Amino acid sequence: MAFIACTALVFDGYDLTIYGTVMPTLMNDPSHIGPLDGATAGALGSYAMLGVLAGALITGGIGDYLGRRRMILLSITWFSVGMILTSFATSVLAFGLLRFLTGLGLGAVLATAGATMAEFAPADKKNLYNAIVYAGIPAGGVLAALLGMILLDPIGWRGLFLIGALPILLIPVAWFKLPESPRWLLSRGRREEAIRVAERTGIALVDESQTADDKAVERTGFAALMTPRYLLPTILIGFMSFSGLLLTYGLNTWLPRIMEGYGYGTTYSLAFLLFLNGGAVIGCLLGSKVADRVGPKRVVTGTFILAALSLSLMTIELPFATLLLLISIAGVGTLGTQVLIYGFVATYYTTNTRAAGVAWCAGFGRLGGVAGPAVGGLITTLGLTGGAAFYVFGGVALFGAGITQLVRRQKDLEEIDVVQREQRQTQDA
């Protein structure tokens, strides 16, 4: 399960990052898809985010009804085909439209993967397994930066987009190896089937219908998010994700261009993108282990603050190696923080509304993903320095830290996790 979900999200991250990798090429040579100024380039970066927003929200509306397995298979197929078609775009209009349509599939897999993994992961390692899965996103960013450095000249931007369609090869594996979530089956009244899947997979079957708020477990999908139990936390979680994704896609889209403004060539500028995503991969995995012990809320708050500090220091004239270290730390606090947010959210909701909760997080957060490239484009259009961009992004990180502190705990679900841990320890003994 972790392999399938993580691999899908590697290419989710690749597909969303590759535009930032090839954007300088598209801006410097209008023969590819037409002339691009800073504002248009920023808008094109936002179109995929709008698609992700729509795809995630659509999935949230139907995912808790259709099931995890169907949504994962459909979403992987959709975004793979979208990447193939995008590689043949010859105009700004076609490129933007296809980026939006591809984003629909990216948003669907983003919303479903976390909900699925949360229902398969052991109670005492939920944050770790969610981090493993969602670390695929910054890992995809690393892959995009590496392949951009190595293959941009030999195969061009179209070849790099075709590489983003490789997850289509994952469909046969997922078809035969990916089971439906037993928790989801139980929540839909398919008890006998849920028991069979739980016995076959070794997944603990937990009935969440006995939690404190009956309304929250009686309703499904977005309707449950509107109950008193979830309404305020859901709004706050949306703004947490908004902050994390504004940082993630603002930096992934504009960091190479910002560093070119500091006098670094294309290869060196892409190196910053590589270290940004590499720091996120390492940071989210280490942070998840801490989160399993002290809770994800504290860790997310701390990594947001870490991002603000490191981005502010990027404005100082420092040696190249020191800047690479700082941007790696910024990766921990931006992309890495967003990975931890997904893990936090996937375990925050009950099964009947988990896909909707993750979809809301991914969908509303995509407004930040839309704003990030646009903010970078505005800063460029206004002729401001890269230092201004780093300060703006640092301020967003501080805002995210404050919002995170306001989200209340779910004590009854935490008690269920405690029971699961005790059962597992008894079985191991």
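These numbers were taken from a predicted model, which means no experiment stands behind them. Quick note: residue numbers are just sequence positions, from 1. Values below: all heavy atoms of this structure, side chains included; hydrogens, waters and symmetry mates excluded.
- Every residue two or more places apart in sequence or in another chain that forms a ring pair (Phe, Tyr, Trp, His ring centres under 6.0 Å) with Phe320 is listed here: Tyr264, Tyr268, Phe272.
- The two residues Ala41 and Met23 come nearest to each other via the heavy atoms CB-SD, 3.8 Å.
- Phe11 places none of its side-chain heavy atoms less than 4.5 Å from the side chain of Ile137.
- In this structure, the side-chain contact (heavy atoms from CB on, under 4.5 Å) partners of Thr90, at least two apart in sequence or on a different chain, are Arg158.
- Closest heavy-atom contact between Ala8 and Ile76: CB-CD1, 3.8 Å.
- When atom types are taken as modelled, the side chain of Thr334 and the backbone of Ala330 share a donor-acceptor pair closer than 3.5 angstrom.
- Phe79 has its ring centre no less than 6.0 Å from the ring centre of Tyr14.
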**Item:** Val133/Asn130 under side chain to side chain contact (heavy atoms under 4.5 Å, CB included): CA gap, chis, key distance, verdict
**Value:** CA-CA 5 Å; Val133 168; Asn130 274 293; 5.6 Å; no
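- Atom CD1 of Ile341 sits about 7.5 Å away from atom CG of Leu245, to the nearest 0.5 Å.
- Atom CD1 of Ile18 is separated from atom CG of Leu143 by 8.0 Å, given to the nearest 0.5 angstrom.
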**Request:** Check the pair Tyr47 / Leu97 against side chain to side chain contact (heavy atoms under 4.5 Å, CB included), numbers first and verdict last.
**Result:** CA-CA 7 Å; Tyr47 291 158; Leu97 177 61; over 6 Å; no
**Request:** Mind running side chain to side chain contact (heavy atoms under 4.5 Å, CB included) on Leu323 and Phe275 for me, showing each step along the way?
**Result:** CA-CA 10 Å; Leu323 291 175; Phe275 275 76; over 6 Å; no
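- Atom OG1 in Thr112 sits 9.5 Å away from atom CG in Leu9 (nearest 0.5 Å).
- Of all the heavy atoms in Ile132 and Cys6, the pair that sits closest is O-SG, 3.3 Å.
- Panel note: side chain Asn28, backbone Pro24; a donor-acceptor pair is recorded below 3.5 Å.
- The closest donor-acceptor contact from the side chain of Trp78 to the backbone of Leu101 lies under 3.5 Å.
- Side chain of Ser80 to main chain of Ile168: a donor-acceptor pair is present (N/O by atom type, distance under 3.5 Å, no hydrogens or angles).
- Looking only at side-chain heavy atoms (C-beta outward), Phe304 and Val299 stay at 4.5 Å or farther from each other.
- Residues Leu44 and Arg99 form no side-chain contact, since every pair of their non-hydrogen atoms from C-beta on lies 4.5 Å or further apart.
- Looking at Ser75, its side chain does come within 3.5 Å of a backbone N or O of Ile72 through a donor-acceptor pair.
- Shown here is Leu406, whose CG atom has more than 12 heavy atoms of other residues, nucleotides or ligands within 6.0 Å.
- Scored by the side-chain contact (heavy atoms from CB on, under 4.5 Å) test, Leu85 finds Val81, Leu98 as partners (sequence neighbours excluded).
- Side-chain contact check for Leu236 versus Thr404: every heavy-atom pair is 4.5 Å or farther apart.
- Between Leu160 and Ile155, the closest heavy-atom pair is N-CD1, 3.8 Å.
- Side-chain contact, Thr301 with Gln405: a donor N or O sits under 3.5 Å from an acceptor N or O.
- The shortest heavy-atom contact between Ala5 and Ala113 is CB-CB, 4.1 Å.
- For the atom pair Leu247 CG and Phe399 CZ, the distance stands at 11.5 Å (nearest 0.5 Å).
- At a cut-off of 3.5 Å, with distance as the only test, no side-chain donor of Tyr391 or Ser312 sits close to an acceptor on the other residue.
- Residues Ile33 and Ala89 come closest through the heavy atom pair CG2-O, 3.9 Å.
- Remark: Phe239 pairs with Phe364 by the ring pair (Phe, Tyr, Trp, His ring centres under 6.0 Å) rule, at least two apart or across chains.
- With hydrogens and angles left out, the side-chain atoms of Tyr342 and Ser241 include no donor and acceptor closer than 3.5 Å.
- Side chains of Cys361 and Ile237 form a contact here, defined as non-hydrogen atoms less than 4.5 Å apart.
- Every residue was checked against the side-chain contact (heavy atoms from CB on, under 4.5 Å) condition with Ile150, not counting sequence neighbours, and none meets it.
- Counting heavy atoms from C-beta outward, Arg408 and Pro233 have side chains that approach closer than 4.5 Å.
- Residues Leu151 and Ile163 are in side-chain contact: their nearest non-hydrogen atoms beyond the backbone lie under 4.5 Å apart.
- Counting only heavy atoms from C-beta outward, the side chains of Phe88 and Phe95 never approach each other to under 4.5 Å.
- Remark: Ser310 OG to Phe390 CZ distance equals 9.5 Å, nearest 0.5 Å.
- Atom-to-atom distance recorded for Leu326:CG and Thr322:OG1 is 7.0 Å, nearest 0.5 angstrom.
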Cut-off 3.5 Å, no hydrogens considered: what does the side-chain donor-acceptor table look like for residues 280-291, sequence neighbours left out?
unit_1, atom_1, unit_2, atom_2, d
Ser288, OG, Cys284, O, 3.4
Ser288, OG, Leu285, O, 2.7

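- For Phe344, the CZ atom is densely surrounded, since the number of other residues' heavy atoms within 6.0 Å is greater than 12.
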